[in-house]
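The structure appears right after this line, and notes come after that.
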Amino acid sequence: MSKRLGKETVSGTPAKQSKHWSIGLLESMRDPECIVKQTKKIVVIRDKYPKAKIHYLMLPHENISSIHKLNSTHIDLLKEFNKIYEEIKIENEDHSLKAGFHAVPSMQRLHMHIISKDMVSPCLKTKMHWNSFTTDFFINYEDILKELKETGSIKKISPDLHKKLLATPLQCNQCSFKPKNMPDLKDHLMSHMNV
DNA sequence: GTTCTAGAAC
DNA sequence: GTTCTAGAAC
């Protein structure tokens, strides 16, 4: 008898994964428990694994899989993104928020992160988590809109740059402190909380 | 995207 | 010996 059955069935044959993890957002945006606000064009949900005190995702109802499927016809949609983001900023005046997209998204359906700058959360665990919000891997809303207006599409980054950005040495997003490791960073972030 | 855990780093 | 990171997951 094995100590752990893992994903194997009783018979010992590997269990097939029925739903791939990358469609998780498509399920969340239909779940009333996750929805924060909604319009004809977009829906805002709570991130299932928030990386800061406030962490929302804004997605279009239209089936756009990622930033790389955007074209000039989507500029109005992005303006709606900004309009709703401005509302959310007013509703969360006590937090400093930023809005943007990951350069290489993992989940299906275009999604804009709306995240507070504290970055205090038990779900923030890895250097990759940190760098995906604090380096150029995080593309600000304004930069996406600008590139779309100027070139009509969003360019993909090279695998080398992707790797380099996520491997950037840890650096506090609020001061010059360079943490030794993730626990060090998380302790340090707490020190920025007291106003 | 997360979970799990081997082995590197301390 | 314990903490921490990084790569596989069918």
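Letters A, B, ... are given to chains in the order of the sequence lines, protein chains preceding strands, and every chain is numbered from 1. This is a predicted model, so every value here is computed, not measured. Any value given below was found using the heavy atoms of this structure, including those in side chains, with hydrogens, waters and symmetry copies removed.
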Sequence neighbours left out, cut at 3.5 Å: what donor-acceptor pairs do the side chains of residues 136-146 of chain A make with other protein atoms?
residue	atom	partner	partner atom	Å
A/Y141	OH	A/L78	O	2.7

- Under a cut-off of 3.5 Å for both distances of each Watson-Crick or G-U pair, what dot-bracket string does DNA chain B give, using [ ] for crossing pairs and | for inter-strand pairs? .|||||||||

- Interatomic distance where CG belongs to A/L166 and P belongs to B/dG1 [whole Å]: 10 Å

- Message: Looking at every heavy atom in both A/I154 and A/L148, which two are closest together, and how far apart are they?
- Response: CD1-N, 4.1 Å

- Task: Hey, could you give me each pair passing side-chain hydrogen bond (donor to acceptor under 3.5 Å, both in side chains) that has a residue in residues 149-162 of chain A? Not counting sequence neighbours.
- Result: none

- Task: With a 4.0 Å heavy-atom cut-off, tell me which residues in residues 173-183 of chain A come close to DNA chain B, sorted by residue number.
- Result: none

In a table with atom names and distances, give each donor-acceptor pair under 3.5 Å that connects a side chain of residues 23-35 of chain A to protein atoms at least two apart or in another chain.
residue	atom	partner	partner atom	Å
A/S28	OG	A/G24	O	3.3
A/D31	OD1	A/E33	N	2.9

- Item | Set of residues satisfying side-chain contact (heavy atoms from CB on, under 4.5 Å) with respect to A/V44, sequence neighbours excluded | A/V36, A/K37, A/I42, A/Y56, A/M58, A/I84, A/I88

- Check step by step if side chain to side chain contact (heavy atoms under 4.5 Å, CB included) holds for A/H113 and A/L57. CA-CA 5 Å; A/H113 293 270; A/L57 300 177; 3.2 Å; yes

- Item | Sequence neighbours excluded, every pair satisfying ring-ring contact (aromatic ring centres under 6.0 Å, His included) that has a member inside residues 28-49 of chain A | none

- Task: Return the set of residues passing side chain to side chain donor-acceptor pair (under 3.5 Å) with A/S121 (not counting sequence neighbours), or none when no residue passes.
- Result: none

- So, is A/K51 near the phosphate of B/dT2, with a side-chain N or O under 4.0 Å from OP1 or OP2? yes

- Message: Regarding A/S106, tell me which of base, sugar-phosphate or nothing describes its non-hydrogen contacts under 4.0 Å with the strands shown.
- Response: base

- Query: Under a 4.0 Å N-O cut-off, is there an ion pair linking A/K89 with A/E86?
  - Reply: yes

Could you write out each protein N or O paired with an N or O of nucleotides 8-10 of chain B at a distance under 3.5 Å?
none

- Message: Please list, in numerical order, the residues of residues 122-133 of chain A that have a heavy atom closer than 4.0 Å to any atom of DNA chain B.
- Response: A/K125, A/H129

- Message: Rounded to whole Å, how long is the line connecting atom NE2 of A/H20 with atom P of B/dG1?
- Response: 13 Å

- Note on the structure: Across all chains, not counting sequence neighbours, the side chain to side chain donor-acceptor pair (under 3.5 Å) partners of A/Q174 are none

- According to the side-chain hydrogen bond (donor to acceptor under 3.5 Å, both in side chains) rule, which pairs have a member within residues 178-189 of chain A, sequence neighbours left out? A/Q171-A/K178, A/H188-A/H192

